[in-house]
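First comes the structure, then the notes that go with it.
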Amino acid sequence: MLKKVYGSAVFGVEATTITVEVNVDTGIGYHLVGLPDNAIKESNFRIAAALQNNGYKIPGKKIIINMSPADLRKEGSAYDLTLAVGILVASDQIKANGLEDYLIMGELSLDGELQPIKGALPIAIKAKQEGFKGFILPKQNAKEAAIVDGLNVYGVDSINEVIAHFDKGNLLEPTIINSQDEFMEKLNTLEFDFADVKGQESIKRCMEIAAAGGHNIILIGPPGSGKTMLAKRLPSILPPMTLQEALETTKIHSVVGRVKDHSGLIAQRPFRSPHHTISKVSVYNVF
């Protein structure tokens, strides 16, 4: 039986929908094609253990899995859940009506629990653009993906919840976030506040002028004099981000896996602190 499940690949800060075609037929063998990297090729071991520990199995038949488009390189372990659901449906172990309406991503642990993925926000944006009704992903990434209005985002803890949703009628509850309210709330949530700095009146005045005029500033002084401490707090006196800037910033942090668990929009201007011995190439990678 042939079944199609949908996942997504992130290239830069944009996502591309991946169609995972799973065909289970008479014979023996497990063949995964479509330019998968080593992490994806190893997924059959994680999937086999996760299914066995939850009362299912990889069938002892010939399984051919194609990740289309086949000429794009696929990377990472986030396709585990996509492949596992495809195998279960194609081998007729579960029923999944309406599977084509969902985009499914997640890394499996051996007990079937799900680990967080990278790039949840750009994937959710692409899923909405392509007309998917729902996006199933690990619960740690649900709030991040739910920023996208008009897409049902379902955060799950294990593969059992996904199976119950499709096969047993135990429908998942969508994660709902009002992006505007989330943005306004985060604007006033400061990790480092310029108001915390006591003394240092001269340099504080200089930094206020630099922030107001959009100027560069260089801090020179011995270790421990407060250069990094002051620099960390500079974003708190910069003009607030717009909602679009917040979305773009969150998208970049999402791709590199720097969005904190259970957090949504990043509404504060980011601060990076590279070491003074950093090379030019490293600077490009950091910024």
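Starting from 1, each residue takes its place in the sequence as its number. None of the values given here were measured: they were computed from a predicted structure.
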Nearest-0.5 Å distance that lies between atom [atom1] in [X] and atom [atom2] in [Y]:
X	Y	atom1	atom2	result
His165	Asn170	NE2	CG	10.0 Å
Glu144	Leu137	CD	CG	8.0 Å
Lys133	Lys128	NZ	NZ	16.0 Å
Asp193	Asp196	CG	CG	5.0 Å
Lys143	Thr175	NZ	OG1	10.0 Å

- Query: Under a single-linkage rule joining Ile, Leu, Val, Met, Phe, Trp and Tyr whose side-chain heavy atoms are separated by less than 4.5 Å, which residues share a cluster with Ile217?
  - Reply: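 Members alongside Ile217: Phe194, Val197, Ile203, Met207, Leu219, Met229, Leu230, Leu234, Ile237.
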
- Which class fits the ring pair Tyr102 and Phe166: parallel under 30°, tilted 30 to 60°, perpendicular over 60°?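 Ring orientation of Tyr102 relative to Phe166: perpendicular.
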
Are [Y] and [X] co-members of a hydrophobic cluster defined by side-chain heavy atoms under 4.5 Å apart?
X	Y	answer
Met241	Val148	no
Val33	Leu83	no
Leu2	Leu88	no
Ile177	Leu103	no

- Item | Glu130: salt bridge (Lys or Arg N to Asp or Glu O under 4.0 Å) partners, not counting sequence neighbours |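 Listed in chain order: Lys126.
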
- Item | Sequence-distant partners of Glu173, salt bridge (Lys or Arg N to Asp or Glu O under 4.0 Å), two or more places apart |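 Glu173: no salt bridge (Lys or Arg N to Asp or Glu O under 4.0 Å) contacts found.
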
- Query: Got more than 12 heavy atoms from elsewhere within 6.0 Å of NZ, Lys227?
  - Reply: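 Above 12, so yes.
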
- Query: So does Arg258 have more than 12 non-hydrogen atoms from other groups sitting under 6.0 Å from CZ?
  - Reply: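 Open: at most 12 neighbouring heavy atoms sit under 6.0 Å from CZ of Arg258.
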
- Query: Partners of Asn152 by side-chain hydrogen bond (donor to acceptor under 3.5 Å, both in side chains), sequence neighbours excluded?
  - Reply: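 Result, side-chain hydrogen bond (donor to acceptor under 3.5 Å, both in side chains) vs Asn152: none returned.
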
- Query: With sequence neighbours excluded, what pairs up with Asp149 under the side chain to side chain contact (heavy atoms under 4.5 Å, CB included) test?
  - Reply: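 Once residues adjacent in sequence are excluded, the partners of Asp149 under the side chain to side chain contact (heavy atoms under 4.5 Å, CB included) criterion are Ser179.
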
- Residues two or more places apart in sequence or in another chain: which of them pass side chain to side chain contact (heavy atoms under 4.5 Å, CB included) with Ile64?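 Scan of Ile64 (side chain to side chain contact (heavy atoms under 4.5 Å, CB included), adjacent residues dropped) gives His31, Lys62.
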
Hey, is the main chain of [Y] close enough, under 3.5 Å, to the side chain of [X] for a donor-acceptor pair?
X	Y	result
Glu248	Gln244	no
Ser109	Gly112	no
Asn141	Ile117	yes
Glu42	Ala39	no
Ser254	Leu121	yes
Lys74	Met67	yes
Tyr79	Ser8	yes
Thr250	Ala246	yes
Asn44	Ile47	no

- Query: Is there a side-chain contact (heavy atoms from CB on, under 4.5 Å) between Val85 and Leu99 once you walk through the steps?
  - Reply: CA-CA 9 Å; Val85 171; Leu99 184 63; 4.0 Å; yes

Please tell me if the side chains of [X] and [Y] come closer than 4.5 Å, counting only heavy atoms from C-beta onward.
X	Y	answer
Thr249	Pro270	yes
Met105	Thr82	yes
Thr16	Phe11	yes

- Message: I need the minimum non-hydrogen distance between Val24 and Ala90, along with the two atoms involved.
- Response: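 Nearest pair, atom of Val24 first, then Ala90: CG2-CB, 3.7 Å.
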
- Cationic N near anionic O, under 4.0 Å, Lys251 to Glu14: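 Glu14 and Lys251: salt-bridged.
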
- Let me see the working for Lys95 and Asp167 under salt bridge (Lys or Arg N to Asp or Glu O under 4.0 Å), right down to the final yes or no. CA-CA 5 Å; Lys95 302 293 182 184; Asp167 192 46; over 6 Å; no

Does a side chain donor of either [X] or [Y] reach within less than 3.5 Å of an acceptor in the other side chain?
X	Y	value
Ser68	Glu21	no
Asn54	Asn160	yes
Ser91	Gln93	yes

- Item | Trace of the side-chain contact (heavy atoms from CB on, under 4.5 Å) decision for Val89 with Val5 | CA-CA 9 Å; Val89 177; Val5 190; 6.0 Å; no

